[in-house]
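Structure record follows, encoded as structure tokens.
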Amino acid sequence: MSDHMKLYEVFLRSKRGLDHKHVGSLHAEDAQQALEYARDVYTRRSEGVSIWVVNSSDIVASQEDDCESFYDPHDDKPYRHATHYQLPDEVNNM
Amino acid sequence: MTDNNAKEIIKQYAIRLGDDALVQGHRLSEWCRNGPFLEEDLALTNVALDFIGRARMFYSYAADIDGGDYSEDSYAYQRDCRDFTNLLIHELPGGDFAFTMARQYLMDEYSLMFMERLCDSSDETLAAVAAKSVKESRYHLRRSRDWMLRLGDGTQESHKRLQKALGDLWGYMPEVFELDDLEQGLADQGIAVDSAALKGGWEKAVRATFSEATIDVPADDWSVRGGRQGMHTEYLGHMLSDLQFVQRAYPGQEW
Amino acid sequence: MTRVLTEAELEEKFQARIDAEEKIEPKDWMPDKYRKNVLRQMSQHAHSEVIGMQPEGNWITRAPTLHRKCILLAKVQDEGGHGLYLYSAAETLGTSREEMNDALHDGRAKYASIFNYPTVTWADMGAIGWLVDGAAIVNQVSLQRTSYGPYSRGMVRICKEESFHQRQGYHIMMVLMRGSDEQKNMAQDALNRFWWPSMMMFGPHDTESAHTAQSMKWKIKRQTNDELRQKFVDQSVKQAEVIGLKIPDPDLKWNEERGHYDFGEIDWEEFKQVVNGNGLCNRQRMAHHIKAQEEGKWVRDAITAYEEKKRQRADQAAA
């Protein structure tokens, strides 16, 4: 419970070869218990082969106010994206 | 011993193990929506599901041996108190969270050892059920052992509740390690587990946990037995009247 | 270059983002009313999942077969899980689960009124799965596109898990309708009792709903109460027919012109009565929730105390 226990963010790798993905959060006493509850709460249908839990307060997030300085510089580099390059249909699955 | 006779005895053994799992699973299922917080509610329900699943596997094996119209449900829904052969400890009402976790811990410690041995049974079906159960029991034990530490070494109240729960449960443990002729016979053939042989290891493990959890080992000054022979506390009858209500009120129907 | 934006400008940017079908994320600026509105809806939704464990939990120990018992247990457990996903989404707005529970207990927060109806026969497990979850799914499918990111993602996850809920309920009804006369009557009786309350689940008519217009503009809701209700009716009629059940509405008939079923008026007086505490189970539901909360307190306290001791021991060892 929130009046006692810490908040943990839960990340799941749904199958080998994929990234861990954020799926939600839960309350637990420590990281070990958080892992166990993550198994009970977020993988009831074998959704994961690997679980990460992170104490929510340990996550450092970029602030929305910084957003422009953080991400906008990337916006002007469309050449970094595959879709920037128009190729003939025959080779477009590259 | 004829082949049929041998099968009949294995069936009775399977039913005993099914009864243990069903009654334990049923008690755990009563926690669903009543847990101390949501995460634990879900976790307890997973354990309940494991045990009911286990009961279904043992009962299905019994039904295979009985043949005809028998199914897993015949044993769960159409037998009375005197036919049930579960260990008494499982039928006691859930009590508070300390009582439930104390019982889980005592029996998880036992179940893991038991199922590890049953994996080596010369009966393939029993061994297969055991192989699945071992994985579950490992997880159950990790959970219930952690709870022993948290409750034992938590607050004064949690300590007191846990100590009391263990005292109330302790006298039901001797029965767990006793074999009647049926089980002894099967154990001699390498089919059943010689549960008496598990007692030493169990005690050692339990004492270590108690010590870490700052819990005193309860006094060995009382013990109750009878479950395997169909002698039960008064609690089981009420549990069955709940469990079997629909099938008793509307007999012979599909659901 | 960094001029502080006025409230109006911020709101304009916010609305533009919503109009462009972009999601709102926890750290984004949002109008206070949006925050409150989303929080109200998410917490109500979460409470509904958790309180909704009770009517079905009522039959866990009495399920008529071991297979049904496992299904029901798994389903009620899912409801708890869904409550947890939703609390977790709501917590991103800075309100703790405890605060939400307090609000539920002192009546500031609500849960779906349907759960104030009792489950009196086994067939009610069928009716709830089929109709109540059916209605909930219609709503939740629509909410997958809600504008608040964590809510939307929670809905996607919940919808994925919930498809079995409705199917298992319908399956219970189907088997009952193939059974004895007693079983058929039991199924029809359950439908009779749960049909109208399920219809009420979508809330008041659009013309009467206090929240609909603003919620639609902010895309918290994506379809109106009446649109969703119509969808539910249209899908349910055929489902009832297939297994020989009769929906208890004499005015129910196909309207060729509209391409939808017409249906009778909901008894809004009953709706009001139940919302205001006069349902058969209102008090029982709340008392149960409070009791579980209170009985769990010493357990939660023990966890905290143990964790504290563990930390102290680690500190001592390090010193």
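Here is how names work: the chains are called A, B, and so on, in the same order as the sequence lines, proteins then strands, and each is numbered from 1. Everything numeric in this text was worked out from a predicted model, so none of it was measured.
At a 4.5 Å heavy-atom cutoff, the contact between C/I60 and chain B is made by side-chain atoms alone. Neither the backbone nor the side chain of C/K291 comes within less than 4.5 Å of any heavy atom in chain B. In this structure, chain C has heavy atoms under 4.5 Å from both the backbone and the side chain of B/A98. With a 4.5 Å cut-off on non-hydrogen atoms, C/H67 touches chain B through its backbone and its side chain both. Both the backbone and the side chain of B/F97 come within contact range of chain C, judged by heavy atoms closer than 4.5 Å. With a threshold of 4.5 angstrom between heavy atoms, C/L66 approaches chain B through its backbone and through its side chain. Residue C/R68 touches chain B through its side chain alone, counting heavy-atom pairs closer than 4.5 Å.
Of all residues in residues 16-26 of chain B, those placing a non-hydrogen atom less than 4.5 angstrom from a non-hydrogen atom of chain C are B/L22, B/H26. Of all residues spanning residues 71-79 of chain C, those with a heavy atom less than 4.5 Å away from chain B's heavy atoms are C/L73, C/A74, C/V76, C/Q77, arranged by number. For a heavy-atom cut-off of 4.5 Å, chain C lies close to B/D242, B/L243, B/F245, B/V246, B/Q247, B/Y250, B/Q253, B/E254, B/W255 in residues 235-255 of chain B. At a heavy-atom cut-off of under 4.5 Å, chain B is reached by C/V50, C/M53, C/Q54 from residues 38-56 of chain C, listed in order of number.
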| task | Please lay out, stage by stage, how C/R97 and B/E39 fare under the test salt bridge (charged side-chain N to carboxylate O under 4.0 Å, His left out). | result | CA-CA 12 Å; C/R97 204 192 296 174; B/E39 285 84 348; 2.6 Å; yes
| B/R27 vs B/E30, side-chain contact (heavy atoms from CB on, under 4.5 Å): CA-CA, chis, key distance, verdict | CA-CA 5 Å; B/R27 285 300 185 208; B/E30 294 169 346; 3.0 Å; yes
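Each of C/A292, C/A302, C/G296 has some count of heavy-atom pairs under 4.5 Å with chain B, and the biggest count is that of C/A302. Highest contact tally toward chain B, considering only C/H288, C/E308, C/M186, C/E307, is held by C/H288 [criterion: heavy-atom pairs under 4.5 Å]. Put simply, of C/H289, C/E182, C/Q183, C/H171, the one with the most heavy-atom pairs under 4.5 Å next to chain B is C/Q183.
Proximity of the aromatic rings of B/H90 and B/Y172 is defined here by a centroid distance below 6.0 angstrom, and this criterion is not met. Aromatic ring centres of B/Y75 and B/F58: separated by at least 6.0 Å.
The main-chain N or O of C/P64 is never found under 3.5 Å from a side-chain atom of C/W122 such that the two would form a donor-acceptor pair. Formation of a donor-acceptor pair under 3.5 Å by the B/D108 side chain with backbone atoms of B/S144 is not found in this model. C/R167 places no side-chain N or O within donor-acceptor distance of the main-chain N or O of C/S163, the cut-off being under 3.5 Å.
Here C/K297 does not pair with C/E294 in a salt bridge; the nearest charged N to carboxylate O distance is not below 4.0 Å. With salt bridges taken as basic N to acidic carboxylate O contacts below 4.0 Å, one links B/R161 and B/D96. The existence of a salt bridge linking C/D189 and C/R193 is confirmed by a sub-4.0 Å separation between a basic side-chain nitrogen and an acidic carboxylate oxygen. Between B/D80 and B/R82, none of the side-chain N atoms (NZ, or NE/NH1/NH2) sits under 4.0 Å from a carboxylate O, so this pair counts as no salt bridge.
Of the residues B/E212, B/H140, B/E109, the one that meets the side chain to side chain donor-acceptor pair (under 3.5 Å) test with B/R145 is B/E212.
Summarising the geometry, atom CE belonging to B/M101 is positioned 8.0 Å from atom CG belonging to B/L151; distances are rounded to the nearest 0.5 Å. With rounding to the nearest 0.5 angstrom, the NE2 atom of B/H232 is 8.5 Å from the CG atom of B/D83. With values rounded to the nearest 0.5 angstrom, C/N282 atom CG is found 9.0 Å from C/R285 atom CZ.
Side-chain contact, C/Y87 with C/E98: no donor N or O sits under 3.5 Å from an acceptor N or O. Inspection of the C/W130 and C/Q239 side chains reveals an N or O donor paired with an N or O acceptor under 3.5 Å.
A 6.0 Å sphere centred on CG of C/D315 holds more than 12 heavy atoms belonging to other residues, nucleotides or ligands. The number of heavy-atom neighbours closer than 6.0 Å to CZ of C/R311, taken from other residues, nucleotides and ligands shown, is above 12. Within a 6.0 Å sphere centred on NZ of B/K164, heavy atoms belonging to other residues, nucleotides or ligands number 12 at most. Annotation: B/Q156, atom CD; neighbour count of heavy atoms from other residues, nucleotides and ligands within 6.0 Å does not exceed 12.
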